[in-house]
Amino acid sequence: MAELFERITEYLSYPFVIYALIVGALVALCSSLLGVTLVLKRFSFIGDGLSHVAFGAMAVASVLNIKNEMPVVLAFTIISAILLLRTGQRARTKGDASVAMISVGALALGYLILNIFSSSGNLSGDVCTTLFGSTSILTLTDTEVWLSCILALLVVGIFVFFYNKIFSVTFDETFARATGTKAGIYNLIIATVVAVVIVLAMNLVGSLLISALIVFPALSAARVFKSFKAVTVCSVILSVSCALAGMLTSILTGWPVGSTIVAVDIVFYGIFTIAGFMGRLSAK
Amino acid sequence: MALLTCTDLSLGYEGRIIVQGLCFEVNSGDYLSIVGENGSGKSTLMRTVLGLQPPLSGKIETRDGLKLTEIGYLPQQTAVQKDFPASVTEVVMSGFCGRAGLRPFYNAAEKAEAASNLEKLGISNLAKRCYRELSGGQQQRVLLARALCATKKMILLDEPVSGLDPLVTNEMYEIIKDLNTHSEITVIMVSHDIDAAVKYSSHILHVGRDCFFGTRDEYLGSDRFALFGKGGSDNG
């Protein structure tokens, strides 16, 4: 035990490890905030679809040899988010089909473009990194860390400022519209913020596993807690703890970062499900 | 003076007309029931009055400083709400969302008003409970309290008793009548329950191929009631 503790302190003395932990915690925080809304609005799949779009955008950016690819990917993902959420509103039945189409389409085209045009010697390694995150979180530059911090702060700020509106639009959009809340604008804000979070999270868990960060903490929290506020707070705490635990485990064991974090999330989902079940039993 | 006047309304989607030449007005203190067969355009009319969709032609006018967004609305429950983790207080407070504008948090006056609306509907004891764990009748009262928070003058109820058992249905109708008489809230109710419409409301709008608008007594003497009302009560 003492030896384990020593190893952790040793790793924590490296700035890149600290960077990784900070960015990881921030990403987990933002994604879980939005996760509550997305899960309750039945939009869980938008996260999945958008992450594949981000992968496609990343592929295009790297083929075009754009050095700082984050802004390009961000712009592309935001536009897709807005388009996806709008089609989802107009024709409910086609919403999930269009998400499926765009998500698989972007994934396939992204891989195709990389294959045809990439000059990299280690193509499958590159693709694997983008899809599953792996070590890129440990090679963050100063600029990337700062950018992540600013974006995360922005996401939290927007969420707190519009908290009551987001609740209203999530719980009952028709009522919100009828009583003068501009639901369209808030949906737009949600879409934009989702896109930002996904691009942030790509560094951490890669584009295939982002949905897990968005969905698991919110679902776990909703099993046990009974008010929107409690679910949101619990989901944030749970998500950040799982991310930190997952990252430390992965640093110590050498397991892939993204998958380890998601595995921790899954374990806690199981625990919360049982806790919620016990809670209902004892209430009866 | 009428609070709400609709003149020569045509309603429908993308050029497909469902109802034409609809004229009616709602005065302060009225209890208007909107009845009609399925697909007759009741819901479309309701969405238009709420400002959720524009009329194909015709005019909706409001007076006495009433805006369309200040009509308290009791919608039918959605699938999303069935397992939504929210406390009763959170749901009721969201009635102020539109009124609060860009102000991020609710103020003390709004909190007090929400509490008094809960009291009015006899559900103060539920304030801390979880919305999804309540019975159908209790949930309906919570949504009614939310509608009251969004208005001072007029509420619009969409099938307020659908899915409730007979006992709770009667309770709900009594609560609505009570709001109408004692709290001076103008009520518009969309319903297919003709018996209740005739029993409780002051005016009736029958939407369909030939629209009827008039007081309850005029409606009882009309052909529309003879045709639709009897059939409705046989089925129901």
Side-chain angles (χ1 to χ4, degrees), chain A residues 35-44 89-92 156-186 189 218-235 272 276 279-280 283-284, chain B residues 43 46-53 67-107 110 127-134 142-143 146-151 155-156 158:
Chain A
V36 178
T37 309
L38 289 183
V39 165
L40 293 174
K41 260 170 120 46
R42 305 285 195 268
F43 277 158
S44 310
Q89 274 163 17
R90 279 214 202 110
R92 285 246 163 256
V156 175
I158 288 174
F159 190 86
V160 171
F161 191 79
F162 292 118
Y163 172 78
N164 283 318
K165 313 285 189 260
I166 290 175
F167 172 80
S168 184
V169 171
T170 309
F171 183 73
D172 193 341
E173 193 173 323
T174 322
F175 176 86
R177 273 175 200 278
T179 51
T181 303
K182 306 247 178 316
I185 292 179
Y186 295 112
I189 292 176
L219 281 175
S220 307
R223 291 271 161 174
V224 173
F225 290 95
K226 298 176 175 184
S227 78
F228 189 71
K229 198 188 257 171
V231 168
T232 309
V233 171
C234 166
S235 148
F272 273 64
R280 271 197 300 280
K284 270 177 193 168
Chain B
S43 319
M46 187 190 70
R47 291 178 58 80
T48 311
V49 169
L50 288 169
L52 293 174
Q53 70 178 76
K67 291 185 203 138
L68 289 186
T69 53
E70 284 171 6
I71 300 177
Y73 172 43
L74 177 71
Q76 295 195 40
Q77 296 203 35
T78 62
V80 170
Q81 291 161 2
K82 292 234 164 67
D83 60 349
F84 198 102
S87 74
V88 167
T89 310
E90 283 177 323
V91 173
V92 174
M93 290 301 292
S94 73
F96 294 112
C97 187
R99 258 208 256 168
L102 270 182
R103 174 159 46 87
F105 303 107
Y106 300 124
N107 58 34
E110 286 165 341
K128 295 227 164 63
R129 290 278 301 278
C130 176
Y131 175 82
R132 65 182 168 193
E133 287 170 357
L134 302 179
V142 171
L143 294 185
R146 179 183 65 166
L148 288 178
C149 287
T151 190
I155 48 175
L156 200 158
D158 186 7

Could you state the interatomic distance from [atom1] ([X]) to [atom2] ([Y]), rounded to the nearest 0.5 Å?
X	Y	atom1	atom2	result
A:Phe228	B:Phe84	CZ	CZ	5.0 Å
B:Thr78	A:Glu173	OG1	CD	10.5 Å
B:Phe96	A:Asn164	CZ	CG	11.5 Å
B:Arg132	A:Lys226	CZ	NZ	7.0 Å
A:Ile166	B:Ser94	CD1	OG	13.5 Å

Grab the two heavy atoms, one from [X] and one from [Y], that are nearest each other, plus how far apart they are.
X	Y	value
A:Thr170	B:Val80	O-CG1, 4.2 Å
B:Ala150	A:Thr179	CB-CG2, 3.6 Å
B:Leu102	A:Tyr186	CD2-OH, 4.2 Å

Proximal component of [X], with respect to chain A [non-hydrogen, under 4.5 Å]:
X	result
B:Val91	both
B:Leu74	neither
B:Ile71	backbone
B:Glu133	side chain

Quick one: sort the B:Tyr131 and A:Phe171 rings into parallel, tilted or perpendicular, breaks at 30° and 60°.
perpendicular

Geometric class of the B:Tyr73/A:Phe175 ring pair [parallel <30°, tilted 30-60°, perpendicular >60°]
parallel

Main-chain N/O of B:Pro104 paired to A:Lys165 side chain as donor or acceptor, under 3.5 Å:
no

Give a yes or no on whether the backbone of A:Lys229 and the side-chain of B:Glu90 come within a donor-acceptor separation of less than 3.5 Å.
yes

At a heavy-atom separation under 4.5 Å, does [X] approach chain B through its side chain, its backbone, both, or neither?
X	value
A:Val36	neither
A:Lys182	neither
A:Phe162	side chain
A:Ala176	neither

Do you know which of [options] has the most heavy-atom pairs under 4.5 Å to chain A?
options	result
B:Leu156, B:Thr69, B:Thr89, B:Thr151	B:Thr69
B:Ser87, B:Ala100, B:Ala147	B:Ser87
B:Val49, B:Val88, B:Leu143, B:Asp83	B:Asp83

Show your reasoning for whether side chain to side chain contact (heavy atoms under 4.5 Å, CB included) applies to B:Arg146 and A:Asp172.
CA-CA 11 Å; B:Arg146 179 183 65 166; A:Asp172 193 341; 2.8 Å; yes

Just so I understand: if I count every heavy-atom pair under 4.5 Å between each of A:Val231, A:Thr181, A:Val39, A:Leu40 and chain B, which residue has the most?
A:Leu40

